[in-house]
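The block underneath contains the structure these notes are about, expressed in structure tokens.
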Amino acid sequence: MSRSEPVEASNFIRNIVEKDVAAGKNDGQVVTRFPPEPNGYLHIGHAKSICLNFGTAGRYDGRCNLRFDDTNPARESEEYVEAIKDDVSWLGFEWSELRHASDYFDELYEFARELIRQDKAYVDSSTAEEVREMRGSLTEPGTPSPYRNRSVEENLDLFQRMKEGEFDDGEHILRAKIDMASGNINMRDPTLYRIRKVHHVRTGDKWSIYPMYDYTHCVSDAIEGITHSLCTLEFEDHRPLYDWVLDELKTPCHPQQIEFARLSLEYTMLSKRRIIQLVEDGHVHGWDDPRMPTIIGMRRRGYTPASLRDFCERIGITKNDAWIEMAVLETCIRDQLNKEAPRRMAVLDPIKVTITDLPEDHEQIFSFANHPQDDSAGTREVPFTREVFIDRDDFAEVPPPKYQRLVPGGEVRLRGSYVIKCEEIIKDDDGQVLELRCTHDPDTLGKKPEGRKVKGVIHWVSATHGIPAEVRLYNPLFTLPDPTKADSLAEAINPESEVVLSSCVVEPALQQASAEQHFQFERIGYFVADRRDHSAEKPVFNRTVTLRDTWAK
RNA sequence: UGGGCCGUCGCCAAGCGGUUAAGGCACCGGGUUUUGAUCCCGGCAUUCGGAGGUUCGAAUCCUCCCGGCCCAGCCA
């Protein structure tokens, strides 16, 4: 292999799966699952897991299930399961089967009775407080519960009565009987079932006991024939328990749990708890606020499924606690939109330019390519008139060094049109520029000007044909690369994270824009018609990302 | 003197005893360009957290040390 050929980066999970497939383990099958708890909206960190699970299965012609880990009815809701399904589909993945942990409640209950019969589980009637005290600490072993040696018969009886609702929340729990002195606290007789007299969306009031994650997850994996159970690093020391349950239960298959590092993204918070807080405290407008790291928020911001998948591929899968720079994400969306987004002109902060040597009723229709490198994207018509708008920062009375735009007495190219020269500045009483009066060189349409160089090119919109629009600019939601380092959430919020511009003018072709359509506003950035607020009557565009800008601002 | 895990370029990340230590992002040049965009070309780790050791040969094996992350829910 020559060194110049790009090599597809592997990752340790791919290597393990590859080896297993080659060795014929699990009959060469690969079965994974994406197992969210339906207690919130998915975010970019989940996208990493989704791409890993669906991607790994897809790579080896395997299957990937979508499984809702709905074992805690107190905090889960149907709204979230629907949202999660939408997000996974939108990302471009199809689950092999849609399952719920609650589908297995009966089996789970029977397996638990089996553990009791084997004297591997017991009903503990201690209070939550007592259980915590008896668990010991990180450095001290725990002490056995006084209920640890209840007879199998008594445990079976109590467990059944727990199930039948005879007891109140907290009166008893079912615990695994493992090792109260284990260095791994998860092995100090972990809770398997707790009493929760809560209505469950799918099982209704059938159950008054609900199984815990550690017990449910491994059994669910085994029931579904999962071969590789991929989860994040914090579950590493749960793996001995995962294996213990499956070994004791002698399930027909024993999936391999493999852990990888969760995503950390600069200027972003990716913990469900904090994301909920952003919404509840009103720091953002909702779960789908374009500044949110949620899939639905990023979608509204203008990120595409392909760009998110590309991102997940680029960041890799390891066990390192890595912090990804925003630039990686931005590159992914720019890469895709550069190839696909039609170009348009939009003026965000308009100043009127009158081309004085053109007649009042001058009107010319230009045909502009929708894409400079892709003829198949076609063309659109752009009207040119005596009065146009340009962006305020494309004119400078006192230009900074290397400024290539319009200055008093200077020339600039109106993109796709003529070279104009600024002859006169009209200001209001406060010194604010109201209008620029310019002349044009009629011999510069599609031609370089004679005898001089005009370096700058600026975008514009006909003042008579342009249409008003609202444009929302988005910046990082937080001012700190790691916002959790701030004293409070409020303190970490970037006050400039959302800037709403309500008097923008965009070219007429944008009148046809439909919600969720992507564009490049030339020289500015990539924008998307807002999926909620945009309409032909009141166009609203969100800035997805700026264009790369190598000019020191 | 609890247990588990991680340290390869500014940020990611390949590498699995013999390579001039991949690639991407970022950055720095230079060229093309009616988007300061795109595109193209070039540069960017004598060194793999540190110190010892094993070996003809170590980022890869061993030992110790240093730094970082996770765990004491009847959450997931």
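Throughout, protein chains are lettered first and strands after them, A, B, ... in sequence-line order, and every chain is numbered starting at 1.
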Going by an N to O cut-off under 4.0 Å, is there a salt bridge joining [X] and [Y]?
X         : Y         : value
Glu313(A) : Arg309(A) : no
Arg75(A)  : Glu37(A)  : yes
Glu224(A) : Arg33(A)  : no

Ignoring backbone atoms, establish whether [X] has a side-chain N or O less than 4.0 Å from OP1 or OP2 of [N].
X         : N       : result
Thr71(A)  : rA76(B) : yes
Asn320(A) : rG7(B)  : yes
Thr318(A) : rC12(B) : no
Arg175(A) : rG73(B) : no
Thr331(A) : rA26(B) : yes
Lys272(A) : rA76(B) : no
Arg334(A) : rC25(B) : no
Arg548(A) : rC27(B) : yes
Arg188(A) : rG3(B)  : no
Arg239(A) : rC71(B) : no
Arg343(A) : rU38(B) : no
Thr139(A) : rG2(B)  : no

With distance as the sole criterion, do the side chain of [X] and the base of [N] form a donor-acceptor contact below 3.5 Å?
X         : N       : answer
Arg405(A) : rG36(B) : yes
Arg523(A) : rU35(B) : no
Asp237(A) : rG3(B)  : yes

Problem set entry | Assigned glycosidic conformation for rG50(B) [threshold 90° from 0] |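 It is anti.
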Scan every strand shown for a Watson-Crick or G-U wobble partner of [N], both distances under 3.5 Å, and answer none if you come up empty.
N       : result
rC39(B) : rG31(B)
rG73(B) : none
rG18(B) : rC56(B)

For this session: Examine distances only and state if a side-chain atom of Glu171(A) and a backbone atom of Asp168(A) form a donor-acceptor pair shorter than 3.5 Å.
Result: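 Between the backbone of Asp168(A) and the side chain of Glu171(A) there is a qualifying donor-acceptor contact (under 3.5 Å).
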For this session: Find which nucleotide of RNA chain B each of Pro372(A) and Glu236(A) is nearest to by heavy atoms, and output the residue with the more 5' nucleotide.
Result: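 In this pair, the answer is Glu236(A).
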For this session: Using heavy atoms to find the nearest nucleotide of RNA chain B for Gly416(A) and Ile324(A) separately, return the residue whose nucleotide is more 5′.
Result: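 So the residue in question is Ile324(A).
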Exercise. Between rC71(B), rC69(B), rC75(B), which nucleotide gets closest to the side-chain atoms of Asp321(A)?
Worked result: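 Selected nucleotide (nearest to the side chain): rC69(B).
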Exercise. Between rU35(B), rA76(B), rC16(B), which nucleotide gets closest to the side-chain atoms of Asn15(A)?
Worked result: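 Looking only at side-chain atoms, Asn15(A) lies closest to rC16(B).
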For this session: Quick one: list whatever passes side chain to side chain donor-acceptor pair (under 3.5 Å) with Thr191(A), sequence neighbours left out.
Result: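 Not a single residue meets the side chain to side chain donor-acceptor pair (under 3.5 Å) criterion with Thr191(A).
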Exercise. According to the 5.5 Å centroid and 30° plane-angle thresholds, does Trp551(A) stack upon the nucleobase of rG36(B)?
Worked result: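 So Trp551(A) counts as stacking on the base.
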Exercise. Base, sugar-phosphate alone, or nothing: which one does Arg135(A) contact when heavy atoms must sit under 4.0 Å apart?
Worked result: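 Sugar-phosphate contact only - Arg135(A) comes under 4.0 Å of backbone atoms but never of a base.
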Problem set entry | Exceeds 12 heavy-atom contacts within 6.0 angstrom, atom CZ of Arg262(A) |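 Atom CZ in Arg262(A) is not packed in, count stays at 12 or less.
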